[in-house]
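A short worksheet on the structure shown next.
Letters go in sequence order (proteins before strands), and every chain restarts at 1.
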Amino acid sequence: MTDGNHRDAAHGDSNGLMELAQRIVAEAQRRGATGAECVMREGRELSATVRLAEVEQLKQAGGKSLGIRVFLGQRSASTYSSDFSWPAVTQMIDSALGIARIASEDPAAGLPQPEELGRWEGDLGIYSPAAARVDTDAGVDLARRAEAAALAADPRLRNSEGGSFEAGEGRRIFANSLGFAGEYRRSSCSIAAVPIAEEDGKMQRDYWYTVAHDPARLDSPEEVGRIAAQRTLRRLGARKAPTARVPVVFDSLVARSLLDQIFTAVSGESIYRGASFLAGKLGELVAASGVTVVDDGPRPGGFGSAPFDGEGVAKRRTVVLRNGRLESYLLNCYTARKLGLRTTGNASRGLADAPGVGYGNLYLEPGTQTPEELIAGIPQGLFVTEFIGSGVNIVTGDYSRGAGGMWIENGQLAYPVEEITVAGNLKDMLQHIVAVGNDLEFRSSAAAPTLVIEGMTVAGR
Amino acid sequence: MPAESLHRDARRFFFERYGMTSADLERYLAAALDRGGDFADLYFEYQSTSSLLMEESLLKSANQGISVGVGVRVLAGERTGYAYSDDLAPEKILRAAETAAHIASGPARTHIVGLREVPSRATLYPVVMAPTDAELMAKLALVERADRAARAYDPRIEQVRVSYADEVKWVLIAASDGAEAADYQPLARMGVFCLARDGASVQRGNSGGGGRVDLSFFDRQLTPEELAGQAAREAIQQLQARECPAGEMTVVLGPGWPGVLLHEAIGHGLEADFNRKKTSAFSGLVGQRVASPICTVVDDGTLPGRRGSLNMDDEGAPTQCTALIENGVLRGYMQDRLSAGVMGAHATGNGRRQSYAHMPMPRMTNTYMLPGEDDPEAILRGVKKGLYAVNFGGGQVDITNGKFVFSASESYLIEDGKITAPVRGATLIGNGPDVLTRVSRVGNDLKLDQGIGMCGKEGQWVPVGVGIPTVQIDRLTVGGTAG
């Protein structure tokens, strides 16, 4: 397994896209742009779904697209297309220049400083050519085995949304008029199962999955099916919980959503707009002392790892919260300039828009207790295994989400609950993370261990 | 009528621009059925988009783009094979057809019915000039008007962000049963976001609207000033908001966008794919009472100019008005071709997809409840204690157990029949198959939303509409923080 960045450096650019990107940047300058960037994406995907042992869907395809951003001094505009022909490209450049003329002079707009450009040197371990080599039959077989294992686990599992296998790889190219030209590849594959259990005329559904850059590192489909079955069965017989103020335990899968909210709150885009409950709190204690949150952009094998960000700035490791103290926002060049700070290499990039802010691999550092130990210490409370809806207001921190999970009685998981809400305010919630589990596991680009939060309101009956 | 001629040109668009002929389409379809599939279709899409973003009174971002591609689908029983290409060169389309064909395993179907144009209806899109073709300066003027109006609303409005986005899709569908259909689908939307500050208190307000319309819509029907006023008012109003109560209580929904309740609580559960697979909490309930007798709910893709409306769905079937619940009784499901075929039902024009890179599936169009007889004022006067929710963010549903949520962004306490204090945002949660049985009053003031809905399902996003009159729900769990 090698990082695509170096692979291509060694073997050359097979289809000339990198050269094309550089040529586009040069052409934009020739046509009057004072600065320019070109982003390209190329990828392919395979997905297979098996339902009740029959193949349900097979999808296989690939494509590529490009985006161009031009500057006329402090004014900028972007265009995108999937047409790589030179006449189409020159038309895109001209139309971007045309739109840029009506854009406003924005003092904070612009490319990075030349010294900010760079890339992480080292093997990120995010690409395996094996992912795209899994053939349809093998994919169908993995999907079939995952579903079969789930349905075989218990007679109450009689229906299913299916087992599935997905694989893909993508290549990203970025060039700008300051001479930066870089590219990398990333691959991914996954197996999932979504069984449905029925008891007393009521159905419940849940899922489990495994994901990796390299198919050799996936868990077995049988393991995926077994856990999916377990997670689905434990929901049977769910009832509403009483309305109460009790400690709430966030299962590690749902604790991850808290990191997305922390991210939005520390993202330069929310901060410079004053649209975050953490705006202006740099250096302050905003969370409990056991809370340390890190964005590790170049984490080896990370699902969000990349050598450079959406502006050609090297990815890095940034401590966002250290023992509860807000140590850094996450910034791209634009938001950094707005705040009088330096970029943290967190520019995200679509094709059509100016760079946004994104995280690489954002995680909350684990504590020492097992999830079982955390639950054992709670006389009465809620163990949340699922959130539905997105009732979170980052401006005020107000938090109110639909939830499902298990009711905790005397340190034990007593019975499943559903149709309840969990509410509070993120400002208080972060301060009241009273315990952090030891079960940190990266299953996506954000990860958190099990967390115990006090002082939240559960609404039910 | 320019609107009609744009619509008629849709068929010629791909033929002229890409030099395709009906014979080419038949050749691709034959390749797709080369291994014995039952049905194949091609979905050609050319999408052109433009957008503007104003913030701090600066036009910070402006962009436009084009995406082109074709999706090839092969059905074999309940199996679907799918492949797509973003290159319309004949060899690339043939390659995609051959890939999709792999879903079937049998001898080729040699006979492809000759393609014939499906007669199209008078267009539902009142568009004289494609919004994407309108002058950038005219769009900029709309955005500037909203920015000025929001800032002028109240000195406590501190931040204003205004977005404008439009798109036009040219679509051509050719199917192995001989149907060939085309459409030209415009869509435009404006959004305003405001932040209000009063001392240490900061609050946000949002608004948005649009439809399958051109720029004149924002001059005549929903002005930038109206949108700005709505967002600014919500932000200012929220500055006074108290904690929202928690627990079960009477909830009165205001008219319009609160119809997102219907979308989440019953809409998704009535999409045919979940019912064909018997994975929906509504499976097998057709003919049974699932709502109080004063509730009639439809999904209607034929409302002129609406965001969720379409002349035809993404399988080429004409859209229609489908009764989902009639006087409290479950009537039927929203179908796409695959589910309708398996279930022996008629197509309802609900087969939709995000783009050529996605398979179609049953999706909503505009989902709303028909008006009842009650005076909305009288509904509120009759509530001793409850919550009056008038604006919402999004929602979500678990179609298998029926639990749904939707998040109120603007709501008020009702005390002794009067609207009193604004309260902070809160999520409302309920159970789809029984929430409408608790509807005790339905107002005579049906309103459709302004055109902001985006619905996500299995990773695919499509524009939709919702609507509802003022309704009273006798018991719903409100996820506040106050005891």
**OP:** Side chain from CB out, backbone as N, CA, C, O: work out which of these in A/Ala275 comes under 4.5 Å of a heavy atom of chain B, or both, or neither.
**Re:** both
**OP:** Give the member of A/Met456, A/Glu105, A/Glu386, A/Lys240 that has the highest number of heavy-atom pairs under 4.5 Å with chain B.
**Re:** A/Lys240
Original post:
Under 3.5 Å, is there a donor-acceptor pair between the A/Tyr80 and B/Thr49 side chains?
Top reply: yes
Subject >> Heavy-atom pairs under 4.5 Å with chain B, option from A/Thr49, A/Thr243, A/Val395 with the top count >> reply: A/Val395
**OP:** Compare all side-chain heavy atoms of A/Phe387 with those of B/Gln396 and state whether any distance is below 4.5 angstrom.
**Re:** no
Subject >> Enclosure of B/Glu135 CD (heavy-atom neighbours >12, cutoff 6.0 Å) >> reply: no
Subject >> Portion of A/Val392 that has a non-hydrogen atom of chain B nearer than 4.5 angstrom >> reply: backbone
**OP:** Working to the nearest 0.5 Å, report the span between OG of A/Ser104 and CG of B/Leu59.
**Re:** 5.0 Å
Original post:
Distance from A/Thr79 atom OG1 to B/Asn63 atom CG, nearest 0.5 Å?
Top reply: 8.5 Å
Original post:
Top residue by heavy-atom pair count (under 4.5 Å) with chain B, among A/Ile102, A/Thr396, A/Leu52?
Top reply: A/Ile102
Original post:
Should A/Arg273 and B/Glu158 be marked as a salt bridge (Lys or Arg N to Asp or Glu O under 4.0 Å) after you check the CA-CA gap, both sets of side-chain angles, and the distance that decides it?
Top reply: CA-CA 9 Å; A/Arg273 291 169 177 150; B/Glu158 185 182 74; over 6 Å; no
Original post:
Does A/Ser400 use its side chain to pair, donor to acceptor, with the backbone of B/Ala426 at less than 3.5 Å?
Top reply: no
Original post:
For B/Thr99, is it the side chain, the backbone, both, or neither that has a heavy atom closer than 4.5 Å to a heavy atom of chain A?
Top reply: side chain
**OP:** Would you mind checking which part of A/Asp353 comes under 4.5 Å of any heavy atom in chain B, side chain (CB onward), backbone (N, CA, C, O), both or neither?
**Re:** both
Original post:
So which of B/Thr477, B/Val68, B/Ile66, B/Leu136 has the largest heavy-atom pair count under 4.5 angstrom toward chain A?
Top reply: B/Ile66
Original post:
Checking heavy atoms, do the side chain of B/Gln159, its backbone, both or neither come under 4.5 Å from chain A?
Top reply: side chain
**OP:** Decide if atom CZ of A/Arg234 counts as having more than 12 heavy atoms of other residues, nucleotides or ligands within a radius under 6.0 Å.
**Re:** yes
**OP:** State, to 0.1 Å, how close A/Arg205 and B/Thr400 come at their nearest heavy-atom pair, and which atoms those are.
**Re:** CD-OG1, 3.4 Å
Original post:
Can we say B/Asp398 and A/Arg235 salt-bridge, meaning some charged N sits less than 4.0 Å from an Asp/Glu carboxylate O?
Top reply: yes
Original post:
Given a strict heavy-atom distance threshold of 4.5 Å, which part of B/Ala100 is in contact with chain A: side chain, backbone, both, or neither?
Top reply: neither
Original post:
Between A/Ala244 and chain B, which part of the residue has a heavy atom less than 4.5 Å away: side chain, backbone, both or neither?
Top reply: neither
Subject >> Top contributor to chain A contacts, counting heavy-atom pairs under 4.5 Å, from B/Val74, B/Leu428, B/Val405 >> reply: B/Val405
Original post:
Counting heavy atoms not belonging to A/Gln91, are there more than 12 under 6.0 Å from its CD?
Top reply: no
**OP:** Indicate yes or no: at least one non-hydrogen side-chain atom of B/Thr279 is less than 4.5 angstrom from one of A/Asn159.
**Re:** yes
Original post:
Between B/Ser280 and A/Met203, what is the shortest heavy-atom contact and its length?
Top reply: O-CE, 3.2 Å
**OP:** Select, from A/Lys202, A/Glu198, A/Glu161, A/Arg461, the one with the greatest count of heavy-atom pairs under 4.5 Å involving chain B.
**Re:** A/Glu161
Subject >> Proximal component of A/Tyr334, with respect to chain B [non-hydrogen, under 4.5 Å] >> reply: side chain
Original post:
Is there a side-chain contact between B/Asn401 and A/Glu418, using heavy atoms and a 4.5 Å cut-off?
Top reply: yes
Subject >> Part of B/Arg161 lying under 4.5 Å from any heavy atom of chain A >> reply: side chain
**OP:** Would you give the length of the straight line joining atom OG of B/Ser409 to atom CG of A/Asp398, rounded to the nearest 0.5 angstrom?
**Re:** 12.0 Å
Original post:
Does any heavy atom of chain A fall under 4.5 Å from the side chain of B/Phe404, the backbone, both, or neither of them?
Top reply: backbone
Subject >> Note: B/Glu56-A/Lys338 ion pair, threshold 4.0 Å (strictly below) >> reply: yes
Original post:
Going from CG on A/Asp106 to CG on B/Leu58, what distance comes out if it is rounded to the nearest 0.5 angstrom?
Top reply: 5.5 Å
**OP:** Keeping the roles fixed (side chain from A/Thr457, backbone from B/Thr481), state whether a donor-acceptor pair exists under 3.5 Å.
**Re:** yes
Subject >> Side-chain (A/Arg51) to main-chain (B/Lys277) donor-acceptor, under 3.5 angstrom >> reply: yes
**OP:** Measure distances from A/Ile68 to the heavy atoms of chain B and classify the residue's part below 4.5 Å as side chain, backbone, both or neither.
**Re:** neither
Original post:
So how far is it from A/Asn393 CG to B/Arg424 CZ, rounded to the nearest 0.5 Å?
Top reply: 8.5 Å
Subject >> Rounded distance (nearest 0.5 Å) linking atom CG of B/Leu88 with atom OG of A/Ser82 >> reply: 8.0 Å
**OP:** Considering only heavy atoms and a distance below 4.5 Å, find which of A/Glu45, A/Arg75, A/Met92 pairs most often with chain B.
**Re:** A/Glu45
**OP:** Answer yes or no: are there more than 12 heavy-atom neighbours, outside A/Arg44 itself, under 6.0 Å from its atom CZ?
**Re:** no
Original post:
Relative to chain A, which segment of B/Lys278 carries a heavy atom at a distance below 4.5 Å: side chain, backbone, both, or neither?
Top reply: both
**OP:** Would you indicate whether the side-chain heavy atoms of B/Arg79 and A/Gln57 approach each other to under 4.5 Å?
**Re:** no
Original post:
Where do B/Glu248 and A/Gly460 come nearest, in terms of heavy atoms and distance?
Top reply: CG-O, 3.5 Å
Subject >> Per-residue contact mode, B/Ser407 against chain A (heavy atom under 4.5 angstrom) >> reply: side chain
Original post:
For the side chain of B/Asp86 and the backbone of A/Lys64, is there at least one donor-acceptor N/O pair under 3.5 Å apart?
Top reply: yes
Original post:
Quick one: what part of B/Val478 sits under 4.5 Å from any heavy atom of chain A, side chain, backbone, both or neither?
Top reply: backbone
Original post:
Is a side-chain donor-acceptor pair under 3.5 Å present for B/Gln64 with A/Ser95?
Top reply: yes
**OP:** Answer yes or no: are there more than 12 heavy-atom neighbours, outside B/Lys457 itself, under 6.0 Å from its atom NZ?
**Re:** yes
**OP:** Write down the atom of A/Glu419, the atom of B/Ile429, and the distance for their closest heavy-atom approach.
**Re:** CA-CD1, 3.6 Å
Original post:
Quick one: what part of A/Thr136 sits under 4.5 Å from any heavy atom of chain B, side chain, backbone, both or neither?
Top reply: neither
Subject >> Minimum heavy-atom distance between A/Ala459 and B/Gly479, given as atom pair plus value >> reply: CB-CA, 4.1 Å
Subject >> Close side-chain approach of B/Val397 and A/Ile388, heavy atoms under 4.5 Å >> reply: no
Subject >> Whether A/Lys59 side chain and B/Ala357 backbone form a donor-acceptor pair below 3.5 Å >> reply: yes
Subject >> Segment of A/Ala109 engaging chain B (4.5 angstrom heavy-atom cut-off) >> reply: neither
Subject >> Engaged part of B/Ala281 at the chain A interface, taking heavy atoms whose separation is under 4.5 Å >> reply: backbone
Subject >> Contact origin within B/Glu55 toward chain A - heavy atom pairs under 4.5 Å >> reply: side chain
